[in-house]
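The figures that follow rest on heavy atoms only: side chains count, while hydrogens, waters and symmetry mates do not. None of the values given here were measured: they were computed from a predicted structure.
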Amino acid sequence: MIFVLNATQAFLAPLSPVTTGTSALEVYTPKEIFVANGTQGKLTCKFKSTNTTGTLTSVSWSFQPEGTDTTVSFFHYSQGQVYPGNYPPFKDRISWAGDLDKKDASINIENMQFIHNGTYICDVKNPPDIVVQPGHIRLYVVEKEILPVFPVWVVVGIVTAVVLGLTLLISMILAVLYRRRNSKRDYTGAQSYMRS
């Protein structure tokens, strides 16, 4: 017996599923970061995937400027190669700071300016795993003076330690001087007692 399939029947034949072994790829980024004007900002992006990274793994970064709904792709990384976009605000400022073997898709942006305020989107592809949700970072570029060099609690701790240290040192010096003065009195008193 011979079975003949027409075109319609051929398309209805069961196909092997393409999504076999597919799972969710999770992307992790900080919700927001603050960067001083004129300094380097690191956009940290880590991901979790059940599959090992390889030649099909790629990273794309997009930017949504503050106050707009437009998203612009400005960086792509694939097969060890960096592909910077043509978006002028990021020209010659982006460098790869990640390591796909360590599930790191981070980038650095040099000399950040106020035009770089906005939302940054990190999208990682590692087939056959599927990205559930790209990472979103809200970045604020601020004046250098606004960012403290040290956290306030560190400054308060240092000042307190210095004040306590000086107080202790002065107390020790005064105690030593007081003892010396008293020992001289006792010695001169003993000499005068022996003479009489």
Measuring from [X]:[atom1] to [Y]:[atom2], what's the distance to the nearest 0.5 Å?
X: Lys91; Y: Asn86; atom1: NZ; atom2: CG; result: 7.5 Å
X: Ser73; Y: Phe90; atom1: OG; atom2: CZ; result: 10.5 Å
X: Glu26; Y: Ser49; atom1: CD; atom2: OG; result: 10.0 Å
X: Leu168; Y: Leu164; atom1: CG; atom2: CG; result: 8.5 Å
X: Thr50; Y: Asp129; atom1: OG1; atom2: CG; result: 3.5 Å
X: Thr29; Y: Leu43; atom1: OG1; atom2: CG; result: 9.5 Å

Open item on the list: Quick one about Asn111 and Gln113 (side-chain donor to acceptor, distance below 3.5 Å, no hydrogens or angles considered), yes or no?
Closed with: yes

Is [Y] reachable from [X] through a run of hydrophobic residues whose side-chain heavy atoms are each under 4.5 Å from the next?
X: Trp61; Y: Ile121; result: no
X: Leu100; Y: Tyr83; result: no
X: Val27; Y: Phe75; result: yes
X: Leu169; Y: Leu177; result: yes
X: Val142; Y: Ile115; result: no

Open item on the list: Go through it in stages, so that I can follow the logic: the residues are Leu25 and Ile130, the test is side chain to side chain contact (heavy atoms under 4.5 Å, CB included), and I'd like the CA-CA distance, side-chain angles, deciding distance and then a yes or no.
Closed with: CA-CA 5 Å; Leu25 187 152; Ile130 299 168; over 6 Å; no

Does any N or O in the side chain of [X] come within less than 3.5 Å of the main-chain N or O of [Y], such that one atom is a donor and the other an acceptor?
X: Thr119; Y: Ile137; result: no
X: His76; Y: Val59; result: yes
X: Gln64; Y: Ser62; result: no
X: Asn126; Y: Asn51; result: yes

Taking all atoms of both residues into account, what is the closest heavy-atom pair of [X] and [Y], and its distance?
X: Thr55; Y: Ser78; result: O-OG, 4.4 Å
X: Pro30; Y: Ile33; result: CG-CG2, 3.9 Å
X: Cys45; Y: Val124; result: SG-CG2, 4.4 Å
X: Ala36; Y: Lys144; result: CB-CG, 3.9 Å
X: Ala24; Y: Val132; result: CB-CG2, 3.2 Å
X: Arg93; Y: Met112; result: NH1-N, 4.5 Å

Open item on the list: Under the rule for salt bridge (Lys or Arg N to Asp or Glu O under 4.0 Å), what residues qualify as partners of Lys125, not counting sequence neighbours?
Closed with: Asp123

Task: Validation row: Ile94, Asn108 side chains within 4.5 angstrom (heavy atoms) - done: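 Side chain of Ile94 against side chain of Asn108, heavy atoms only: no contact under 4.5 Å found.
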
Open item on the list: Going by side chain to side chain contact (heavy atoms under 4.5 Å, CB included), name the residues that satisfy it together with Asn117, two or more places apart in sequence or in a different chain.
Closed with: Glu66, Phe114, Tyr140, Val141

Task: Check: His116 ring centroid to Phe63 ring centroid under 6.0 Å - done: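 For His116 and Phe63, the ring centres are not under 6.0 Å apart.
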
Open item on the list: Once you measure the plane-to-plane angle for Phe74 and Tyr120, does it fall in the parallel (<30°), tilted (30-60°) or perpendicular (>60°) bin?
Closed with: perpendicular

Task: Lys103/Lys46 under side chain to side chain contact (heavy atoms under 4.5 Å, CB included): CA gap, chis, key distance, verdict - done: CA-CA 6 Å; Lys103 308 289 194 290; Lys46 307 275 183 152; 5.8 Å; no

